[in-house]
Chemist: 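First, the structure itself, so that you have it in front of you.
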Amino acid sequence: MITELEMGKGESELELGLGLSLGGGTAAKIGKSGGGGAWGERGRLLTAKDFPSVGSKRAADSASHAGSSPPRSSQVVGWPPIGSHRMNSLVNNQATKSAREEEEAGKKKVKDDEPKDVTKKVNGKVQVGFIKVNMDGVAIGRKVDLNAHSSYENLAQTLEDMFFRTNPGTVGLTSQFTKPLRLLDGSSEFVLTYEDKEGDWMLVGDVPWRMFINSVKRLRVMKTSEANGLGM
Amino acid sequence: MGLRFPPKVLEHILSFIDSNEDRNSVSLVCKSWFETERKTRKRVFVGNCYAVSPAAVTRRFPEMRSLTLKGKPHFADYNLVPDGWGGYAWPWIEAMAAKSSSLEEIRMKRMVVTDECLEKIAASFKDFKVLVLTSCEGFSTDGIAAIAATCRNLRVLELRECIVEDLGGDWLSYFPESSTSLVSLDFSCLDSEVKISDLERLVSRSPNLKSLKLNPAVTLDGLVSLLRCAPQLTELGTGSFAAQLKPEAFSKLSEAFSNCKQLQSLSGLWDVLPEYLPALYSVCPGLTSLNLSYATVRMPDLVELLRRCSKLQKLWVMDLIEDKGLEAVASYCKELRELRVFPSEPDLDATNIPLTEQGLVFVSKGCRKLESVLYFCVQFTNAALFTIARKRPNLKCFRLCVIEPFAPDYKTNEPLDKGFKAIAEGCRDLRRLSVSGLLSDKAFKYIGKHAKKVRMLSIAFAGDSDLMLHHLLSGCQSLKKLEIRDCPFGDTALLEHAAKLETMRSLWMSSCFVSFGACKLLSQKMPRLNVEVIDEHPPESRPESSPVERIYIYRTVAGPRMDTPEFVWTIHKNPENGVSHLAIK
C-alpha cells in the first residue's frame, strides 16, 4: 500500500525521477513523445499523483507545473472512451469546422486558452456560474458553481471538500485538515488563485466577493511555493 | 444404472444446439458426451486468445469450420494498451493450416494480423468463405489482395475499423473475373481510392451480394453507378457524401436509392450535407438500422430523416441530435432496440452541446423495445436514471459515459450512486454495464448486490477505496469481464477475492493503486491465472509497494505466454532470457 510520506520541497525534485508518468514526470503534457516507440503517443496515465483523495503527499508535487497552464481534462489518455477511428474523424471535423468558421464573420469557436464566458447556454437555458478549477498535480479538472456560493469561505470549503476529501480506508492528502480556511489564509501548502478577465493570475481573496465573481474566469489551486510574487 | 444414448442419437440432438454455452454444458456431463460434443462442434469461439493454446483447440475440435478469436483487452480501443502487447494471429493460423484445413470462416477482433497470416489463410483453406477482421492491425492491402485473388469461394470480406497499411486501391482488382460468390464486402476503413470500374464489375457479377460498405474515397457518382449494379443490397455503407451535386446528379442519386427496395441498413454518410439527405427519404420506411454517427448534420435535418424511419431498430447518431431530436425519435421510431449517441466534440471542455439526460429519458419512455444504450453526455442526474430504470426494465446493455469525470448529479450535487442502484435493481436482465460520473463505494455495493446477470462491467474515475472492488468481486455473480481505470483501490480486495478471478475471463486495471508486491503474490497464489503487469518502467526496479501502471489478469489453461514484450512483466519472466519472438510472424 502507498504510505504517506512527509516530504519537504527539496525532496520533491528527487521524487520526480522515480515518478510513474511517461517521458519525465510532467502531469500536464500529454502526447509528448517521452520514450518514443510504443510509448511515444500513449501520453500519461493518471496515477496516484492525480488522485488528491488518496496516495502519498508526493502526489501533489509536480515542480514541472511552474509557469505552465493548468492541465486540461481533455488531455487524459483514452477519455472520453471513443475509438480511434471515430476520434480521428471528430478531429478532422473540428479542423474543417474551424477553417470554415474563421472565414465567417464573428468567430464562434472559443480557443483553448481564451477564458470562457462564465455564462453558457445549455439547451436554451443559461448555465450561469460554473467555472473550471484545476489543481496542481491533478490532470482532471473539476467545475464549481460560483453562484451557489456567497463568500470566499464558502467557496474554499467546497474546494477543500472536492480536492482534499478524506475517506475511510484511504490515505488523505493532508491528514491534519480541520480548519476550513486553510486555502485562504496562506498557512497551507496550497493557495487558491484565479485568472481574471484580463488574463492575469491573482490570489483569491483580495477583492470584494461580488467583484471577484464578476471578473473570475477560472480557478487554480496552486502550490504555495509557486505563488510567490503573484499579482495583487 | 446406466441410461446411455447411442452416440448417433446424441449427435443428432446436438446438431440442433448452436449455442456454445449450451455445448459447453453438454461437454461437462460425462466423458462420452464430451467426446460426442467435441467431434460435432463446428463453430468455435475463443474469447481470449491467450486462454487456451491453438494446438489444444485444433485437437479438441476436429470438425471446426468457423473460428472466432479475440485478442487485446477492450480498453485497447482507447489507447490504453501499448503497441506490441500481443494478440498475434499467426500461431492460430499456423495451427489451423496444419490441422484444420477444412476451416471456412475466421473472425478476429483486436488481433495483430500480418500479411503473412492473410497469405497463409489464402493458401491453406481450400473452401475459405468468411473473413471478418474487427479492430485488427498489422497488415497491408497486399494481404487483402492475396485473399481476394486466391479464395475462390469467398463470400464475406469485412474490415471493420482496422488499421491497415494502405498501399493503394489495387487490391480490389485481384478478385478474379471468375469470382461471383461475394455476399458481403466491407472496406470502409481503407483510405485509398479503388477503381470504380473494377468495383462495378465485381458487384455486377456477384448476384448474391447483400452487403456493401464503401470507403470515404468513393464519390457520390461512384455510389450511383454501384447502386444501379446492385439494387438488391440490404446493407449499404456509403462513401463520402460531400461532393457538390448538380440538380440532375441529385435526382439520379434519389432514383438510385429508390430502386433499392430491400435496403434495411444504412451507414457511412461521411460529411453528408443536409441538402442530400432527401435522396435517402425513399429508403427510410424500410430501414431497420441507421448509422449517422459520422454525419455532422443538425437536429432539424436529422428529425426530417428520422420521422420517416418507423421501422428503425438500431440508431447510431451524434449528440447533434439534441434532446429535441431524441424526443422525435421517441415518437416516430417505436421499434427502436438499440441507441448509441456519440459526442461530436472531442474536447472535454466543450459544454455547449444541447444534449442532456433528458434526451435519453425521452427515448426510454417512448421506445418500449429499447434494450441497448450507449450514451455520451456531459452530465447526468439520479432522477433521470430512476426514470430510465423504471420505464425500461428490459434493458440488456446500459453504457452511460458522463464525459465530465466525477460529475455529480448536477441538480442535487449528490453522487450518482442511487441512480445506478436503480438501474442495477430494476433492469434484471442487464448483461453489460458501464458506469461514470461521481460514484462512491456505495454505488458498487448496490451493483455487486443487484446486477446478477451482468457479465461485463466498465468503470472509470469512481469509488473511494478498496471497498469498491470488494463489493464487485464478492457480488456480481455472472461477472466475466471487469475493466477499471483510474479508481483508488489497492491490494486488499484484489488479493482477498483472488478465487473469483478464475471464474472470470479477464480483469483489467489501469491507474489504480495495486502494488507490484500484490501482483507477485497473486501470481504465486493463482497458477491458473496469467497476471500481467504492463508498465513502462520495469516494476522490479521499484519498491514492491509502488503501484503499477496497468494490470491485465486472465484465466488460462495455456500457461504463461511466450510472446510478451519487454514492458509486460509476468512471474514467469526471466529478464536475462528476454522475450521469445518465436510465436510472432
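In what follows, chains carry the letters A, B, and so on, assigned in the order in which the sequence lines appear, proteins first and then strands, with residues in each chain numbered from 1. Being a predicted model, the structure only gives us computed values, none of them experimental.
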Chemist: Can you tell which part of B/Val402 gets under 4.5 Å to a heavy atom of chain A, answering side chain, backbone, both or neither?
Modeler: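 Just its backbone gets close to chain A.
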Chemist: Spell out, as yes or no, whether a donor-acceptor pair under 3.5 Å connects the side chain of B/Arg485 to the backbone of A/Gly78.
Modeler: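 Yes; judged by distance alone, with no hydrogens or angles, the pair exists.
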Chemist: If you count the non-hydrogen atoms of other residues, nucleotides and ligands that lie under 6.0 Å from NZ in B/Lys72, is the total more than 12?
Modeler: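 Check passes, neighbour count above 12.
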Chemist: Counting only non-hydrogen atoms closer than 4.5 Å, does B/Asp271 touch chain A with its backbone (N, CA, C, O), its side chain (CB onward), both, or neither?
Modeler: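 For B/Asp271, side-chain heavy atoms alone lie under 4.5 Å from chain A.
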Chemist: Pick one of side chain, backbone, both or neither for B/Ser293, based on which atoms fall under 4.5 Å of a heavy atom in chain A.
Modeler: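 Backbone plus side chain of B/Ser293, per the 4.5 Å heavy-atom cut-off to chain A.
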Chemist: Where do A/Val77 and B/Leu80 come nearest, in terms of heavy atoms and distance?
Modeler: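 Answer, listing the atom of A/Val77 first, then B/Leu80: CG1-CD2, 3.9 Å.
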Chemist: Can you measure from SG (B/Cys189) to NE2 (A/His85) and round to the nearest 0.5 angstrom?
Modeler: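 Answer for the SG-NE2 pair, B/Cys189 versus A/His85, is 5.5 Å.
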Chemist: What part of B/Pro343 lies closer than 4.5 angstrom to a heavy atom of chain A: side chain, backbone, both or neither?
Modeler: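 Backbone plus side chain of B/Pro343, per the 4.5 Å heavy-atom cut-off to chain A.
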Chemist: What is the distance from atom OG1 of B/Thr296 to atom CG of A/Leu90, rounded to the nearest 0.5 Å?
Modeler: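 If we round to the nearest 0.5 Å, B/Thr296:OG1 and A/Leu90:CG are 10.0 Å apart.
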Chemist: Given that the side chain runs from C-beta out, which part of B/Phe489 has a heavy atom under 4.5 Å from chain A: side chain, backbone, both or neither?
Modeler: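 For B/Phe489, no heavy atom lies under 4.5 Å from chain A.
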Chemist: Within a strict 4.5 Å, meaning less than it, do heavy atoms of the B/Cys401 and A/Trp79 side chains meet?
Modeler: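 Side chain of B/Cys401 against side chain of A/Trp79, heavy atoms only: contact under 4.5 Å found.
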Chemist: Quick check for you: to the nearest 0.5 Å, what is the distance between A/Met87 atom CE and B/Asp77 atom CG?
Modeler: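 Taking CE in A/Met87 and CG in B/Asp77, the distance rounds to 12.0 Å.
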Chemist: If you measure from CD on B/Glu137 to OG on A/Ser84, what distance do you get to the nearest 0.5 Å?
Modeler: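 Reported to 0.5 Å precision, the distance equals 9.0 Å.
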Chemist: Pick one of side chain, backbone, both or neither for B/Phe376, based on which atoms fall under 4.5 Å of a heavy atom in chain A.
Modeler: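 Contact with chain A: side chain only.
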